[in-house]
Amino acid sequence: MEILESYGVEAVGIAVAVVAVAAGATYFYFSKKSKGCLDPENFKDFKLVEKRQLSHNVAKFRFALPSPTSVLGLPIGQHISCRGTDSAGEEVIKPYTPTTLDSDIGYFELVIKMYPQGRMSHHFREMKVGDYLSVKGPKGRFKYQVGQVRAFGMIAGGSGITPMFQVARAILENPNDTTKVHLIYANVTYEDILLKEELDSLATKFSDRFQIYYVLNQPPDVWDGGVGFVSKEMIKAHCPSPASDIQILRCGPPPMNKAMAAHLDDMGYTKEMQFQF
């Protein structure tokens with residue numbers, strides 16, 4: 001992940017799906033009953049069907065799955081390996097976290113920040129609708145089960161927001177999950193904030209369970225969020241206190257991850273209470 005430069009359906013299954021849809025639990029039906037399209041050992045090609053520029057260096061890529069009812073099959077909080085070629089024509093493989101869930105059937109999406117010298121950035125920058133992306137997965141150590149913690153604290157920087165967004169969406173959109181999510185999201189400028197519209201929508205729709213605090217190094221003249229780097233004071237104010245039933249997730253550039261780990265250690269968060277993507 002580049003940061004700041006991240007079962008065949010049987011008749012019974014179909015019946016369950018109808019009930020699940022009626023109950024508003026489509027995601028959990030598809031995620032548990034449908035066989036995903038990913039292969040953990042071999043790369044598979046997926047067609048780019050839409051490329052939407054979000055800013056001068058950020059774009060959203062939508063890739064079609066084999067059928068309109070297919071699911072990617074990516075466990076919550078895990079990622080995929082994407083293969084491409086850099087400007088010199090050499091192969092490059094990098095991990096990315098889709099912003100979609102298995103409730104988004106028939107396709108998956110990646111929000112990519114493309115850096116001038118990024119090797120995989122070059123590949124995505126050159127992609128056109130109709131091209132194919134080679135993907136392998138799932139990958140990752142994070143495993144989530146409903147109710148495993150009372151609350152998550154999340155500290156993200158730049159494109160490190162993508163795994164946090166995926167986890168937050170899965171929790172908040174599950175009517176049977178009461179887990180609370182507290183997110184601190186740091187960037188350099190306002191324009192660098194990824195998925196802001198989607199994050200703000202979650203904060204509005206699930207105001208009792210999801211809170212977000214933005215931090216900028218270079219804020220605009222009018223700004224009501226944090227300023228500078230994420231501090232212990234910010235963590236204390238916007239994340240759950242150390243406890244056996246909470247966990248702090250972090251994902252950002254290496255210097256930020258190192259600084260956040262030091263902060264959390266100093267504040268009494270044990271290693272079991274912390275996870276780094």
Closest heavy-atom contact between Asp39 and Lys44? CB-CD, 3.8 Å
To check you understand the geometry: which heavy-atom pair defines the closest contact between Ser103 and Glu173, and what is its length? OG-OE1, 4.3 Å
Does the distance from a Lys or Arg side-chain N to an Asp or Glu carboxylate O, for [X] and [Y], drop under 4.0 Å?
X: Lys232; Y: Asp266; answer: yes
X: Lys47; Y: Asp131; answer: no
X: Lys196; Y: Glu191; answer: no
X: Lys180; Y: Asp208; answer: no
X: Arg169; Y: Asp104; answer: yes

Sorted by chain and residue number, the salt bridge (Lys or Arg N to Asp or Glu O under 4.0 Å) partners of Asp224 (sequence neighbours excluded) come out as none
Can you tell if the side chain of Leu199 reaches within under 4.5 Å of the side chain of Ile161, non-hydrogen atoms only? yes
Within the 4.5 Å heavy-atom criterion, are Leu74 and Gln166 side-chain neighbours or not? yes
Of Phe63, Tyr115, Tyr96, which is the lone residue that meets ring-ring contact (aromatic ring centres under 6.0 Å, His included) with Phe124? Tyr96
Suppose we call two aromatic rings close when their centres sit under 6.0 Å apart. Are Phe142 and Phe275 close by that rule? yes
From the list Lys60, Arg52, Glu198, side-chain contact (heavy atoms from CB on, under 4.5 Å) with Val111 holds only for Lys60
Could you label the plane-to-plane angle of the Phe108 and Phe46 rings as parallel, tilted or perpendicular, counting under 30° as parallel and over 60° as perpendicular? perpendicular
N/O donor-acceptor pairs under 3.5 Å from side chains in residues 144-151, not counting sequence neighbours:
| residue | atom | partner | partner atom | Å |
| --- | --- | --- | --- | --- |
| Tyr144 | OH | Asp177 | OD1 | 3.4 |
| Tyr144 | OH | Asp177 | OD2 | 2.6 |
| Tyr144 | OH | Thr179 | OG1 | 3.2 |
| Gln148 | OE1 | Gln145 | N | 2.7 |
| Arg150 | NE | Asp245 | OD1 | 3.4 |
| Arg150 | NE | Asp245 | OD2 | 2.9 |
| Arg150 | NH2 | Asp245 | OD1 | 3.1 |

Thr162-Ser159 side chain donor-acceptor pair, cut-off 3.5 Å: no
Run the side-chain hydrogen bond (donor to acceptor under 3.5 Å, both in side chains) check on Ser67 and Ser70 step by step: do they pass? CA-CA 5 Å; Ser67 78; Ser70 296; 2.8 Å; yes
Check against salt bridge (charged side-chain N to carboxylate O under 4.0 Å, His left out), Arg119 and Glu91: CA-CA 9 Å; Arg119 297 181 64 203; Glu91 181 179 281; over 6 Å; no
